[in-house]
4 protein chains.
Amino acid sequence: MARGVNKVILIGNLGKDPEVRYFPSGDAVANATIATTETWKDKQSGEQKEATEWHNVVFPGKLGEIAGKYLKKGSKVYVEGSLRTRSYDKDGQKRYVTEIRVQDMQMLDGKPGGGSASMGEERGSYSAPSPSRSSAPARSAAPAPAADAPFEDDDIPF
Amino acid sequence: MARGVNKVILIGNLGKDPEVRYFPSGDAVANATIATTETWKDKQSGEQKEATEWHNVVFPGKLGEIAGKYLKKGSKVYVEGSLRTRSYDKDGQKRYVTEIRVQDMQMLDGKPGGGSASMGEERGSYSAPSPSRSSAPARSAAPAPAADAPFEDDDIPF
Amino acid sequence: MARGVNKVILIGNLGKDPEVRYFPSGDAVANATIATTETWKDKQSGEQKEATEWHNVVFPGKLGEIAGKYLKKGSKVYVEGSLRTRSYDKDGQKRYVTEIRVQDMQMLDGKPGGGSASMGEERGSYSAPSPSRSSAPARSAAPAPAADAPFEDDDIPF
Amino acid sequence: MARGVNKVILIGNLGKDPEVRYFPSGDAVANATIATTETWKDKQSGEQKEATEWHNVVFPGKLGEIAGKYLKKGSKVYVEGSLRTRSYDKDGQKRYVTEIRVQDMQMLDGKPGGGSASMGEERGSYSAPSPSRSSAPARSAAPAPAADAPFEDDDIPF
DNA sequence: TTTT
DNA sequence: TTTT
């Protein structure tokens, strides 16, 4: 259940291959960045301008496995998810990072997986179990603490 | 024009009264925070849990004026907008904050404005000009540098 | 799984009390209509105009029970769902009706249920199981044939 | 302005080339159909099932011109718009058809326009003027009556 | 810091 | 760091 709505919809390209990690439980989680670009004409100079926004996305569980298998740098994807701002500690100071926890994903490339991958049953799109129904908090989709973890999550109450 | 989609939809309550500031041009901008709450039942203990997410929202231009006039702490609102991560400098270090630039807003309280405000033409809902059509970048919706600004924006290329 | 995205988001008011019916299996389904209104200023005459759109919404399963219990004529709701156009027969002719199958619902009234209803665990909001994961087609959310059914569904391949 | 929210988001493929028509004013409008497909596993038989939903979409104005130029049968697109149910008369009987009036569009094919079309400034994506701000009703986006019009719109109060 |  |  939710009080309120917290929904994000993105279509963009991956900035790098997804990084897949695993929880001790065996559950996967993949991290990636997605670029969306706005272009506009400057009212003063009349020149074409553009700005690219980079989004941190987290694919929990089975979605993480699929992302790791079929998405790569440059892949065009649709993702639907929710915003979550996590705090972590850096040099004794609290920092924040805002991520999109993905709940639904669609691959939009003409030839996903390089074009020759066979179309498995779970390929191409996948929806996470509805967070509202899950007995486990969607919150647990956060990256597992790992040696190469970008953030020290130890003191975050996942 | 945009390459990609960058869309956020929120329904939640304001954590405090919006703060309205003005650009030298006279354009308004309002900042607020919106809370959305997820609840779930812990699979281990079976107890009810909940987590609240706080979103930084920016109402540019006319939307900022309306937000300043009609929204207040506790107001329930629908907002639609796009994600933007801004960087700012703190103690010589680069920090980031992710905001939702609002493009559409709906007041969801039964009696907005306390119940006695007359229903002006611009009240209750408002859509920003489509960013894609605007000759000015939606980017200029960022908070104007001000004495009490939470972030030092001076070196950010708005 | 889905190939493509089929998503509808509405905020509006119910035109009448939801009609709850039951499948032989015991599963509930509720039907309702939701109004959304657009207003604009006529470019010629300068007068304020408005047009109301009526949406047929279908609340399957547990959502149907909740809708039947807590929503009534005039209730303000947020619904998220997907479009489905059903065909039915009238006087030997094929007719079509487009409905929104609700997957997520939020009550937006200040005092839902009239203000005195006790806050049950399932009240206020509910998400349907993710259709993509369900072993049963979301398609089965269609209204059960009934004596007072508005449409003769018998020859529709649900 | 709007009271309520009426939003549709689709990703799918065009069932046929868009049909472009023109109002006496010179404004264009394009009609197309978009397919979205759901697949699921039948709980009884265990077999894979699928159902395709067809959506009637209307691209008003400049979007209609772009759709006519760059979209064709099979094109994959993202559209965002709003629902509108129109009535028309057939054999003296009132019929209804539900359409999606497109306000934002993104072409998702790897090589739009066949791959050799030069990238004009207005290509690839386009947002309609925000309906809420427009002095002209978005309503006027309805297909112009024409000799080959699928519906007799003459008695519909556009 | 909101809300139910 | 992506993409057009």
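We name chains A, B, ... by the order of the sequence lines, and we start the count at 1 in each one.
Atom P of nucleotide dT2(E) and atom CD of Glu50(B) are separated by 13 Å, given to the nearest angstrom. Atom CD of Glu53(B) and atom P of dT4(E) are 20 Å apart (whole Å). The interatomic distance linking Asp109(B) (CG) with dT2(E) (C1') rounds to 11 Å, in whole Å. The separation between Leu10(B) atom CG and dT1(E) atom P is 21 Å, rounded to whole Å. Residue Asn13(B) contributes atom CG, which lies 10 Å from atom P of dT2(E) at whole-angstrom precision. Summarising the geometry, the separation between OH on Tyr78(C) and P on dT3(E) is reported as 21 Å, rounded to the nearest angstrom. Per the geometry, CG belonging to Asn6(A) stands 19 Å off P belonging to dT4(E), to the nearest Å. Separating the CH2 atom of Trp40(B) from the P atom of dT4(E) is a distance of 20 Å, rounded to the nearest angstrom.
Across all strands shown, Gly74(B) has heavy atoms under 4.0 Å from sugar-phosphate atoms exclusively, and none from any base.
The aromatic ring of Trp54(A) is stacked on the base of dT1(F), with the two ring centres less than 5.5 Å apart and the planes inclined by under 30°.
Of the candidates dT2(E), dT1(E), dT2(F), the closest approach to any side-chain atom of Thr37(B) belongs to dT2(E). With distances taken from any side-chain atom of Lys73(A) to the nucleotides dT2(E), dT1(E), dT2(F), the minimum falls on dT2(F). Candidate nucleotides dT1(E), dT3(E), dT1(F) were compared by shortest atom distance to the side chain of Arg3(A), and dT3(E) ranks first. Taking the side chain of Thr33(A) as heavy atoms from C-beta on, and the options dT4(E), dT4(F), dT1(F), the nearest nucleotide is dT1(F).
Between Phe59(C) and the options Val79(C), Ile66(C), Val77(C), a side-chain contact (heavy atoms from CB on, under 4.5 Å) holds for only Val79(C).
At a threshold of 4.0 Å, the pair Glu38(A)-Lys49(A) does not count as salt-bridged, since none of the basic side-chain nitrogens sits closer than that to a carboxylate oxygen. The residues Arg86(B) and Glu99(B) are annotated as salt-bridged, a charged nitrogen and a carboxylate oxygen being separated by less than 4.0 angstrom. Of the charged side-chain nitrogens involved, at least one lies within less than 4.0 Å of a carboxylate oxygen, so that Lys7(B) and Glu80(D) count as a salt-bridged pair.
Applying the 3.5 Å distance criterion, the base of dT2(E) shares a donor-acceptor pair with the side chain of Thr52(B).
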Residue pair Val58(B), Val102(B): steps toward the side-chain contact (heavy atoms from CB on, under 4.5 Å) verdict: CA-CA 6 Å; Val58(B) 178; Val102(B) 180; 6.0 Å; no

